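Worksheet for the structure shown next.
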Amino acid sequence: MAFFTHLTRRSLAQSAAMANAIKNVTVIGSGLMGAGIAQVAAQTGHSVTMVDIDPVAVGKAEKRIADSISRVAKKKFGEGDEATKFVSESLSRLRTSTDAVASVESADLVVEAIVENLKTKKELFSKLDNAAPAHTIFASNTSSIPIAKIAEATNRLDRFGGLHFFNPVPVMKLLEVVRIPETSSDTYDAMTAWGKAMGKVTVECKDTPGFIVNRLLVPFMFEAVRMVERGEASPKDVDTAMKLGAGHPMGPFELMDYVGLDTGKFIIDGWHKDYPDVEIFSPSPLLEKLVSEGKHGVKSGEGFYKYKK
Ligand SMILES: CCCCCCCCCCCCCC(=O)CC(=O)SCCNC(=O)CCNC(=O)[C@H](O)C(C)(C)COP(=O)(O)OP(=O)(O)OC[C@H]1O[C@@H](n2cnc3c(N)ncnc32)[C@H](O)[C@@H]1OP(=O)(O)O
Ligand SMILES: NC(=O)C1=CN([C@@H]2O[C@H](COP(=O)(O)OP(=O)(O)OC[C@H]3O[C@@H](n4cnc5c(N)ncnc54)[C@H](O)[C@@H]3O)[C@@H](O)[C@H]2O)C=CC1
């Protein structure tokens, strides 16, 4: 028992040391997820650089972060000086850039949250691998792509893993920490300790399709779309049914609009390519139509539903 307690103390001390080791965080991608991850990292005392190839996306992310931090501050401190200080100190730790390579030069951790496309992610990581210091840990926030396939673009498989956050990042408590066979224990422990320092509850995941949550959630969403395509129910009735009958905070169509239908299409296209014989992953005419019309959900003003811009 004493030996066990000693071990627990030692591993707690090690975890704390590792959380402290990650001070400088670079988040690549300033869309829905990148902005949320950068915000929470800044809120929890990290020095953060948020990068996007698109300067317009950076500007939009800054506005979303300012709005979200105010809501977090209000919830934590109410109105007043403490809330104002929390907002200004958090924002002072956040820088932005459009130059990914330059932004990793002093990073302890790089979290990638760019579009859900394997080729684009590999091209990015390949460039970053040459520019980042040897100790830097690389992580992807991918929803559906195997971490091992992304990591192939680098020479740091032992310092590579998945950090899969949930939308909206400032609110959702879960973080899936994904390891590939080559991920070292030090890297895995450092990612987990950092997740806890971010205020998240972590779960350990193997590099299996969809990890834990999306392995269950995505087929549920697919099935909801198929029901509507078969004319069995309307999106609104499916949403009402799942909220009132199963206690979900959002119905599947509201959630798909919230996540982004373009991201949903990237996921289904990728899984259809990898598993061509699994019928549920075959292309959805309804989803194809909405995405081709630029209806990407809340972020574009329309998806399955219409939103005020
Ligand atoms: C056949 C083909 C089909 C193909 C389809 C394929 C689709 C594939 C999709 C794949 C998806 C993959 C995504 C992924 O990898 C993982 C995910 O992230 S899944 C999504 C997980 N998220 C959820 O499930 C969210 C569920 N919704 C909710 O929990 C709530 O609705 C939500 C918190 C979003 C909003 O709550 P609500 O009560 O409705 O609204 P309020 O505005 O009142 O907010 C409540 C509370 O929370 C605070 N808050 C909300 N948003 C923010 C924010 N951005 N920042 C800060 N704070 C926020 C708000 O202030 C409120 O606080 P109070 O103190 O309670 O007032
Ligand atoms: N939307 C969601 O609810 C969730 C998404 N994810 C994953 O997070 C990642 C990002 O998703 P979202 O934030 O929703 O996407 P998004 O479409 O909102 O943002 C992606 C951003 O990446 C930028 N980008 C594209 N290529 C880039 C490059 N080479 N370098 C720098 N920036 C680049 C784009 O300009 C855009 O601003 C995806 O892998 C997605 O699967 C994970 C959890 C939830």
Side-chain angles (χ1 to χ4, degrees), residues 27-37 39-40 43 50-58 60-61 64-65 67-76 97-101 103 111-121 123-125 127-128 140-145 150 162-174 176 210-211 213-214 217-229 243 248-272 280-288 290-291 296-300 304:
V27 180
I28 319 263
S30 73
L32 289 177
M33 295 306 290
I37 298 165
Q39 175 190 330
V40 176
Q43 275 171 210
M50 178 179 72
V51 185
D52 204 291
I53 37 165
D54 177 2
V56 177
V58 174
K60 284 188 187 164
R64 248 194 342 268
I65 290 173
D67 172 60
S68 177
I69 283 200
S70 303
R71 291 162 84 175
V72 173
K74 194 172 168 198
K75 194 183 269 182
K76 269 171 109 76
S97 169
T98 50
D99 185 344
V101 166
S103 75
V111 183
E112 167 273 312
I114 68 169
V115 282
E116 188 71 344
N117 179 291
L118 176 60
K119 188 164 169 275
T120 314
K121 287 185 192 288
E123 278 167 10
L124 173 71
F125 274 119
K127 279 192 284 182
L128 300 186
S140 175
N141 181 53
T142 178
S143 298
S144 65
I145 301 173
I150 306 173
L163 285 168
H164 184 225
F165 288 85
F166 293 81
N167 183 18
V169 182
V171 177
M172 302 300 283
K173 294 294 288 179
L174 186 69
E176 293 181 328
F211 316 127
V213 172
N214 284 344
L217 184 66
V218 173
F220 158 67
M221 289 171 160
F222 286 173
E223 196 49 43
V225 175
R226 302 298 185 204
M227 274 181 91
V228 169
E229 285 178 339
K243 285 189 288 186
H248 290 198
M250 284 175 165
F253 293 93
E254 289 169 335
L255 191 53
M256 279 185 266
D257 272 0
Y258 194 66
V259 162
L261 301 187
D262 50 341
T263 300
K265 180 170 154 50
F266 276 124
I267 295 173
I268 191 173
D269 287 352
W271 283 7
H272 178 55
I280 200 168
F281 299 153
S282 55
S284 147
L286 180 53
L287 184 72
E288 299 282 331
L290 290 169
V291 173
H296 293 175
V298 178
K299 63 184 166 187
S300 72
F304 291 105

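Start at 1 and go down the list; that is how both ligands and their atoms are numbered. Because the structure is predicted, anything quoted here is derived from the model rather than measured.
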Atom pair CE (M221) and CZ (F253), whose distance is rounded to the nearest 0.5 Å
10.0 Å
Please round to the nearest 0.5 Å and tell me the distance separating atom CZ of F125 and atom CD1 of I150.
6.5 Å
Working to the nearest 0.5 angstrom, can you tell me the gap between D257 CG and M250 CE?
9.5 Å
List the closest protein heavy-atom neighbour of atom 18 (O) of ligand 2: residue, atom name, distance to the nearest 0.1 Å.
L32 N, 3.0 Å
Rounded to the nearest 0.5 angstrom, the CG-CG distance for N141 and L163 is 8.0 Å
Could you list the atoms of ligand 2 found under 4.0 angstrom from a heavy atom of H164?
42 (C), 43 (C)
Side chain to side chain, W271 and V218, heavy atoms closer than 4.5 Å:
yes
Select the closest option to atom 42 (C) of ligand 2 among P55, A35, S143, judged by heavy-atom distance.
S143
Any atoms of ligand 2 less than 4.0 Å from a non-hydrogen atom of K299? List them with their elements.
16 (P), 17 (O), 18 (O)
S143 versus E116, side-chain donor and acceptor atoms under 3.5 Å:
no
Shortest protein contact, atom 26 (N) of ligand 2 (heavy atom only)
I53 CD1, 3.6 Å
Atom 29 (N) of ligand 2: nearest protein contact (heavy atom, Å):
I114 CD1, 3.9 Å
heavy-atom search around atom 13 (O) of ligand 2 in the protein gives M33 N, 2.8 Å
How long is the gap from NZ on K121 to OG1 on T142, to the nearest 0.5 Å?
5.0 Å
Distance filter under 4.0 Å to D54 heavy atoms, resulting ligand 2 atoms:
35 (O)
Given V58, V27, D262, D52, identify the one with the heavy atom nearest to atom 35 (O) of ligand 2.
D52
Taking the basic N atoms (NZ, or NE/NH1/NH2) and the acidic carboxylate oxygens, is any pair closer than 4.0 Å for K127 and E123?
no
For the residue pair I65 and M50, establish whether any side-chain heavy-atom pair is separated by less than 4.5 Å.
yes
Under 4.5 Å between any side-chain heavy atoms of Q39 and V72, yes or no?
yes
Note, I145 side chain near F266 side chain (heavy atom, < 4.5 Å):
no
Note: ligand 2 atoms sitting under 4.0 Å from heavy atoms of A57 are 37 (O)
Give me the residue, atom name and distance of the protein heavy atom closest to atom 1 (N) of ligand 2.
V259 O, 2.9 Å
Per-atom contacts, ligand 2 versus K121 - under 4.0 Å to a heavy atom:
38 (C), 39 (O)
Counting only heavy atoms and a distance below 4.0 Å, can you name the residues contacting ligand 1?
S68, R71, V72, K75, S143, H164, F166, N167, P168, P170, V171, M172, N214, L217, V218, M221, F222, V225, R226, P249, M250, L255, M256, Y258, V259, G264, I267, I268, S284, L287
Any nitrogen or oxygen of F165, main chain or side chain, under 3.5 Å from a nitrogen or oxygen of ligand 2?
no
Taking the side chain as C-beta and beyond, is there a heavy-atom pair between D262 and K299 under 4.5 Å?
yes
Shortest protein contact, atom 8 (O) of ligand 2 (heavy atom only):
N141 ND2, 3.0 Å
What are the atoms of ligand 2, with element, lying closer than 4.0 Å to any heavy atom of T142?
39 (O)
Among protein heavy atoms, which lies nearest atom 39 (O) of ligand 2, and at what distance?
E116 OE1, 2.5 Å
Close side-chain approach of V298 and L32, heavy atoms under 4.5 Å
no
Name the closest protein heavy atom to atom 19 (O) of ligand 2, giving the residue it belongs to and the distance to 0.1 Å.
G31 CA, 3.3 Å
Please identify which atoms of ligand 2 are closer than 4.0 Å to at least one heavy atom of I28.
31 (C)
So E229 and L287, do their side chains get closer than 4.5 Å, heavy atoms only?
no
Salt bridge (charged side-chain N to carboxylate O under 4.0 Å, His left out) against K173, all qualifying residues, sequence neighbours excluded:
none
Measure from atom 20 (C) of ligand 2 to every heavy atom in A113, S97, S30 and give the option owning the shortest one.
A113
Within ligand 2, which atoms have a heavy atom of N167 less than 4.0 Å away?
2 (C), 3 (O)
Ion pair R226/E223, N-O distance below 4.0 Å
no
